[in-house]
Amino acid sequence: MSDIIQLLPDHVANQIAAGEVVQRPASVVKELLENAIDAGATEIKLLIKDAGKTLVQVIDNGKGMSTTDARLSFERHATSKIRTAEDLFNLSTKGFRGEALASIAAIAHVEVKTKQSDQELGTHIKIEGSTIQNQDVVSTPTGTSIAVKNLFFNIPARRNFLKSNSVELRHIKDEFYRVALTHPSIAFDFYNNDSEILNLKNSNLRQRIVAVFGKKINEKLVPIQEHTDIVSINGFVSKPEFAKKKRGEQFFFVNNRFIKNGYLHHAVLNAFNQLIPSGHHPSYFLYLDVPPNTIDINIHPTKTEIKFDNEQALYAILRSTIKHSLGQYNVAPVLDFNRDDTLDVPYSFKDKSSVSTPKIKVNPSFNPFENEAKNTSFQKPKTAQWESLYTETDTDFKPKQPEIQPDVFTHQLFDNSESEFKSKTLQIHKKYILSVIKSGVVYINQNLAHQRILYEELLTKMTLEDTSSQQLLFPLTLAFNKEDITLLKEIQPDLESVGFQFAAIKNDTIVLDGIPVNVKQNNLQGLFEELFEDIKNEIPDSSFSQLDTIAKSLAKSLAIKNGTKLDNKEQEEILEKLFSCKEPNQSPFGRKTFITLSSEEIQLKFDN
Ligand code: ADP
Ligand code: MG
């Protein structure tokens, strides 16, 4: 009998391999994104058309390929990532089998443009069904662009097997999320049919989660942190009250790879036991780091399963860490500072004889730019800026000399002759506070005005060393990256001067046991993150400007947002405090805090 065994031709072998590697457009997305990350890219663009059926393109600013490598990269078992079998145990890259590009090129039209930084011109290669069609020199930026068109063009059965565009797009988004959540420091731009789906800036993990899943998720996250010899756990779970009927966002990453693991999933659910109704699902974003020699990653390219040596210990650690963090969060709302109480200061003129709630005093004449500001005694508020607003047409209006309380003084701001109105302010569109003044009306933007008020209050506190703070019954632990902790240490004295008290600052966590009185406890993580971001974006040229940045950032975070309904007292407080400010007419960022419309202007409108 003659011999019948033959070696399969490469293109056939590639097509068979492609069946494993490329199941759908989302698989191409995954492989191309991972290659871009392995190439050290800091910016990655993903373009897809028709849910990837017509086009999947990834453009990166990574290290690019030489002309020879660009050609070789499409050969089977062509990889730059391992050389010996031992390398398999020290993998720091996503890919290593050298199969993805060869597989993709076997079943699609592929076009590559790539250039290394030291090259003038790059390489341009076109491949269809494993055959190189064209190769030339091209002018292209450093990095690599790989466009995969007409997936499964030569395997109609597979092409027909693809699901509807919405299902395929869902798979693509899932792959994209997994990659984006593993690499928050890489910027991603994701387009579908020429419209931008997501634009993710370089950020920290929490910011990345918020950027992917929307601002609302921020308040739902409880940070999780634990370090032991067998595992380090980082990440977030959703607060129990936000558990969803449908399975929410549930992500496990082990050593920076997305994985699925039913056992660990169960550990998370177990931690939520009794906190959420049955049939509801928590969201979680959990990053586990374990020594590589204690796991067995199934090296199949598309599998996400994983086996741990210490599965039971991991289960116990994960469960108790989450339980602990949830417990910490659960007591927190009880201690929440209730802003209504502090706004409950009798500002209205008729109430002025009643006893006022003790509160932080503001020195209305405080000038943050003057060193003599150490003088804490209250002086006459500087009125020139706004006085004219209220006195233009009323010549015999004379502000009473203020006594000790600035409150008394500010009551004269109002034109009480308009007595049909019970209150002197009216909130409109949950955004503006309208008040009648002698010369017409004033529209105050509540958010910008409150920023101004807080900004001056904070600066006052920082320079006067008036450190009133609310003590927390249960110290609060917050987690940050190392870079942010370093930053925090630099500004620690300034933060302490406004009322933050740190029980400990560790490598990547801080423990707070006191916070400023006007700060709510449940959004501290966000507040700090915003603060760090603002400081990073600002280049302080003096210690004052650093202080100023902190005050500005905190004022921005803490200010009453537009869209918040304010009761009369709150409206009046803003109005009065604003006009006791040094610079009432602009926000700390230079925007107008109010506009006036004079009676003449109004009349003119009728006359025309
Ligand atoms: P693997 O990632 O397993 O090594 P691939 O087939 O995905 O195999 O890629 C083959 C090789 O091509 C990689 O090892 C790498 O050297 C090169 N390569 C692929 N994509 C890029 C890219 N975006 N930038 C630079 N090099 C790349
Ligand atoms: Mg790869």
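Whatever order the structure lists them in is the order used to number ligands and atoms, beginning at 1.
- The protein non-hydrogen atom at the shortest distance from atom 17 (C) of ligand 1 is M65 SD, 3.7 Å.
- With F285 as the fixed residue, the ring-ring contact (aromatic ring centres under 6.0 Å, His included) test singles out one of F253, F252, F236, F213: F213.
- Among protein heavy atoms, atom 1 (P) of ligand 1 sits closest to G98 N, 3.6 Å.
- With contacts defined as side-chain heavy-atom distances shorter than 4.5 Å, the pair V254/Y287 does not qualify.
- Evaluated for a side chain to side chain donor-acceptor pair (under 3.5 Å) with H124, the options K113, K115, E111 yield exactly one hit, E111.
- Within the cation-pi definition used here (under 6.0 Å to the ring centroid, within 45° of the axis), R178 qualifies as a partner of F258.
- The protein heavy-atom contact nearest to atom 7 (O) of ligand 1 is N35 ND2, 2.8 Å.
- Considering backbone and side-chain atoms alike, D60 places an N or O below 3.5 Å from some N or O of ligand 1.
- Residue E31 has no N or O atom closer than 3.5 Å to an N or O atom of ligand 1.
- For ligand 1, one of its N or O atoms has an N or O atom of L101 under 3.5 Å away.
- At the top of the distance list for atom 10 (C) of ligand 1, counting protein heavy atoms only, stands A78 O, 3.3 Å.
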Inset, instruction - Please lay out, stage by stage, how Q116 and T142 fare under the test side-chain hydrogen bond (donor to acceptor under 3.5 Å, both in side chains). - result: CA-CA 5 Å; Q116 295 178 309; T142 297; over 6 Å; no
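- With ligand atoms numbered from 1 in the order given, ligand 1 contributes 6 (O), 8 (O) to contacts under 4.0 Å with heavy atoms of E99.
- If you check the side chains of N61 and T42, you find a donor sitting under 3.5 Å from an acceptor.
- Ligand 1 places these atoms under 4.0 Å from at least one heavy atom of A100: 6 (O), 7 (O).
- Cation-pi geometry between K149 and F153 is not satisfied (NZ or CZ under 6.0 Å from the ring centre, within 45° of the ring normal).
- At distances below 3.5 Å, at least one donor-acceptor pair connects side-chain atoms of D60 with backbone N or O atoms of T144.
- Counting heavy atoms of neighbouring residues, nucleotides and ligands inside a 6.0 Å radius, atom CG of D229 does not exceed 12 of them.
- Here N35 reaches the Mg ion (ligand 2): one of its N/O/S atoms is less than 2.8 Å from the metal.
- Here the heavy atom of the protein found nearest to atom 15 (C) of ligand 1 is S80 OG, 3.4 Å.
- For the pairing with I125, the side-chain contact (heavy atoms from CB on, under 4.5 Å) check across Q133, M65, Q135 returns one residue only, Q135.
- For ligand 1, the atoms sitting less than 4.0 Å from at least one non-hydrogen atom of T144 are 22 (C), 23 (N), 24 (N), 25 (C), numbered in the order shown with element in parentheses.
- At least one N or O atom of T79, backbone or side chain, sits closer than 3.5 Å to an N or O atom of ligand 1.
- Remark: minimum distance from atom 25 (C) of ligand 1 to any protein heavy atom is reached at A39 CB, 3.5 Å.
- For the side-chain contact (heavy atoms from CB on, under 4.5 Å) criterion with F152, the lone passing option out of R24, R159, K53 is R159.
- The protein heavy atom nearest to atom 2 (O) of ligand 1 is K81 NZ, 2.7 Å.
- Distances from atom 12 (O) of ligand 1 to the heavy atoms of A102, S73, A105 show the closest one on S73.
- At a 4.0 Å heavy-atom cut-off, ligand 1 does not touch E34 at all.
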